[in-house]
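Because the structure is predicted, anything quoted here is derived from the model rather than measured.
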Amino acid sequence: MTRAILAAALTAGLALTAACGTDGTRSPSMATGKPALTIGIAYHQPGLSVMDSGGKPQGFDADTARYIADKLGALPEKITWKEVAPDQREQVLTSGAVDFVVATYSITTGRMERVTFAGPYLVTGQDLLVRKDDPSINRPEDLGGRSVCTAQGTTAADNLRAFTPEVNLTTREGYSACVDDLLAGTVDAVSTDDVILAGYAAQHPDRLRLTGYRFTKERYGVGIKKGDTGLQGKITQAIRDMIADGSWEKSISTHLTPEGYQPQPAPAVFNAPDKTVTAGDPADLDQDLVTAVDSLVENFNKQDWEAFGQLTCPEAKDDIDRFVMRNTPRYDERLGPELADAGFVTTVTGIQQTGSDAAAFLAREAFTNVPDKYRRYFADIDYTGVMERRDGQWKLCQLSADFVQP
């Protein structure tokens, strides 16, 4: 295995230190009193952001945006809300029309070439919304020759074509129009992330249903103008604070779970950095640490969970086991027999020793024998492990992960 001590890369995944400095682009000023902010958000996404009678957005995305604004020092009356359709998000960021966007904005490698992201603040996946009186659609493979509506400027259409090339796709400016088409019977399904669709299903419980078959992974980030790493770091820290102090869970419980949505646990928040830097000399590492990390990964790849468990801290074993199962789609019982041969190979990509008894490592889990159509679900995973030396033996005491979205 090739190893490097990842000073800056581990800053994103481990130490989570915010990057500083910008390229001179617009950023809220903290030096001249309370800043005024313009925030891009959707206006018609139930549970996430819907404008109330007073012209203020309500929902989980709206709560996230307000929490960030507060951490940036902005008073509520200093916030200007700007409606942003999915296909307008990059435009308003590039032009400087908004300071940041909180609008179900999936972080992908393609978008990261044009936008800087903070987060992620939520992990979800694409699903299908169908009429209750149509039992024939339960997964994307059922859409051959059927008509499906998605919103302009999203990745949903490409994801569907990967499963069913013969699907008939239409696009509308927003999801509300797609849902209207579904209710009117002019399309057979609406497809986007399940957290969005759950809100519409809750609005029409007698007529619409979610299939409950999540077939991609999506991580939502806060969009920022490309290169503004100073603001990126501040927003990322605000998201961490929101999760840590319970505000994230409270907002989820208030706005999403009453609508029947089953959210995934709070994500590991990294900094979505545009660049990483490797540095250091592997020869400086404690060789017992290297051996312990190698053994962990070897047992992981062999799926020898008993041996893997012996190398974890006792108080963390159950949590780590659940975490591994949840983040390895190979064990998702909803998936069909075509994935029976799917496997994975994990390699160490970096080790950082922060003290005589403290260290951390990065590892990449890549999946094998996966049909191309499932590549948005079986995205490679970057694991971050925290190691401690106890009674002379290195053990894994904490594990977090982030998937690598194409």
Can a donor-acceptor pair be found between the side chains of D241 and Q237 at a distance below 3.5 Å?
yes
With the side chain counted from C-beta on, respond yes when V98 and L93 share a heavy-atom pair under 4.5 Å apart, and no when they do not.
yes
In sequence, state the C-alpha distance, the side-chain angles, and the governing distance for Y383 and F361, and then conclude on ring pair (Phe, Tyr, Trp, His ring centres under 6.0 Å).
CA-CA 8 Å; Y383 284 103; F361 68 88; 8.7 Å; no
T150 OG1 to Q126 CD distance, which is reported to the nearest 0.5 Å
8.5 Å
Is R214 paired with D194 through a side-chain N to carboxylate O contact shorter than 4.0 Å?
yes
Taking the side chain as C-beta and beyond, is there a heavy-atom pair between L399 and T384 under 4.5 Å?
no
CG/N299 to OG1/T346 distance, rounded to the nearest 0.5 angstrom?
11.5 Å
May I ask you to decide whether D158 forms a salt bridge with R161, counting only side-chain N to carboxylate O separations under 4.0 Å?
yes
So, applying ring pair (Phe, Tyr, Trp, His ring centres under 6.0 Å) with Y105, which one of F100, Y121, F117 is it?
F117
More than 12 heavy atoms of other residues, nucleotides or ligands under 6.0 Å from CD of E166: is that the case?
yes
Using 0.5 Å steps for rounding, measure from the CG atom of D319 to the SG atom of C313.
11.5 Å
Nearest-0.5 Å distance, CG of residue D288 to CG of residue L285:
11.5 Å
E306/D304 under side-chain contact (heavy atoms from CB on, under 4.5 Å): CA gap, chis, key distance, verdict:
CA-CA 6 Å; E306 181 177 355; D304 186 344; 3.9 Å; yes
Using modelled atom types and a 3.5 Å cut-off, is there a donor and acceptor pairing between side-chain atoms of N369 and backbone atoms of G343?
no
Can you list the steps and then say if L231 with L72 is a side-chain contact (heavy atoms from CB on, under 4.5 Å)?
CA-CA 9 Å; L231 183 57; L72 293 176; 4.0 Å; yes
Heavy atoms, side chains only, cut-off 4.5 Å: are T64 and S251 in contact?
no
Neighbour count above 12 (heavy atom, 6.0 Å) for Q203 CD
yes
Please check if any side-chain donor atom of E218 sits under 3.5 Å from a side-chain acceptor atom of S106, or the reverse.
yes
Mind checking whether E83 and I41 have side chains closer than 4.5 Å, heavy atoms only?
no
Going by heavy atoms in the side chains, are V115 and R89 under 4.5 Å from each other?
no
Smallest separation among heavy atoms of P135 and D133, with atom names:
CD-O, 3.5 Å
Quick one: CZ on R131 to NE2 on H204, what's the gap to the nearest 0.5 Å?
13.0 Å
Would you say I224 and Q232 make side-chain contact, with heavy atoms under 4.5 Å?
yes
Is it the case that the side chain of T164 and the backbone of P140 share a donor-acceptor pair, with hydrogens and angles ignored and the cut-off at 3.5 Å?
yes
How about Y200 and Y175: are their ring centres within less than 6.0 Å of each other?
no
Q88 side chain to A85 backbone, donor-acceptor under 3.5 Å:
yes
Centroid-centroid under 6.0 Å between W81 and Y43 rings:
no
Note: T216 and N159 closest approach over all heavy atoms is CG2-ND2, 3.8 Å
State, yes or no, whether a side-chain contact exists between Q303 and F344 at a heavy-atom distance under 4.5 Å.
yes
Looking at R66 and D70, is there a salt bridge between them, counting it only when a charged N and a carboxylate O are closer than 4.0 Å?
no
For salt bridge (Lys or Arg N to Asp or Glu O under 4.0 Å), just list the numbers for D357 and R390, CA-CA rounded to whole Å, side-chain angles, deciding distance to a tenth of an Å, and then say yes or no.
CA-CA 8 Å; D357 298 318; R390 296 185 178 181; over 6 Å; no
Heavy-atom pair with the smallest gap, counting every atom of D181 and R172
OD2-NH1, 2.6 Å
Could you report the tightest heavy-atom contact between T192 and A156, atom names first, then the distance?
CA-CB, 4.4 Å
Between S191 and the options L128, L143, T211, L129, the side-chain contact (heavy atoms from CB on, under 4.5 Å) test singles out L128
Any side-chain heavy atom of Y220 sitting closer than 4.5 Å to one from V195?
yes
Basic-acidic side-chain contact under 4.0 Å: R389, D286:
yes
Residues in side-chain hydrogen bond (donor to acceptor under 3.5 Å, both in side chains) contact with Y67, at least two apart in sequence or another chain:
D245
Can you see which heavy atom on A42 is nearest to which on S49, and at what distance?
O-OG, 2.8 Å
Chi angles and distances behind the side-chain contact (heavy atoms from CB on, under 4.5 Å) call for D188, I137:
CA-CA 9 Å; D188 298 305; I137 301 176; 4.0 Å; yes
Find the distance between OG1 (T312) and NZ (K317) and round it off to the nearest 0.5 Å.
6.0 Å
Mind listing the closest non-hydrogen atom pair of A359 and T354 along with its distance?
N-OG1, 3.9 Å
Is atom CD of E173 surrounded by more than 12 heavy atoms (other residues, nucleotides or ligands) closer than 6.0 Å?
no
Does either side chain, that of R146 or that of S136, offer a donor lying less than 3.5 Å from an acceptor on the other one?
yes
List the steps, then state whether side-chain contact (heavy atoms from CB on, under 4.5 Å) holds for I39 with K82.
CA-CA 6 Å; I39 302 175; K82 182 176 179 63; over 6 Å; no
Carefully, step by step, assess D99 and K225 under the rule salt bridge (Lys or Arg N to Asp or Glu O under 4.0 Å).
CA-CA 8 Å; D99 292 292; K225 189 172 184 178; over 6 Å; no
Evaluate salt bridge (Lys or Arg N to Asp or Glu O under 4.0 Å) for D206 paired with K132, printing each intermediate quantity in order.
CA-CA 7 Å; D206 297 330; K132 273 194 170 181; 5.3 Å; no
If only atom types and distance count, is the side chain of R207 paired as donor or acceptor with the main-chain N or O of L183 below 3.5 Å?
yes
Under a 3.5 Å threshold, yes or no: a donor from one side chain and an acceptor from the other, between D193 and T104?
no
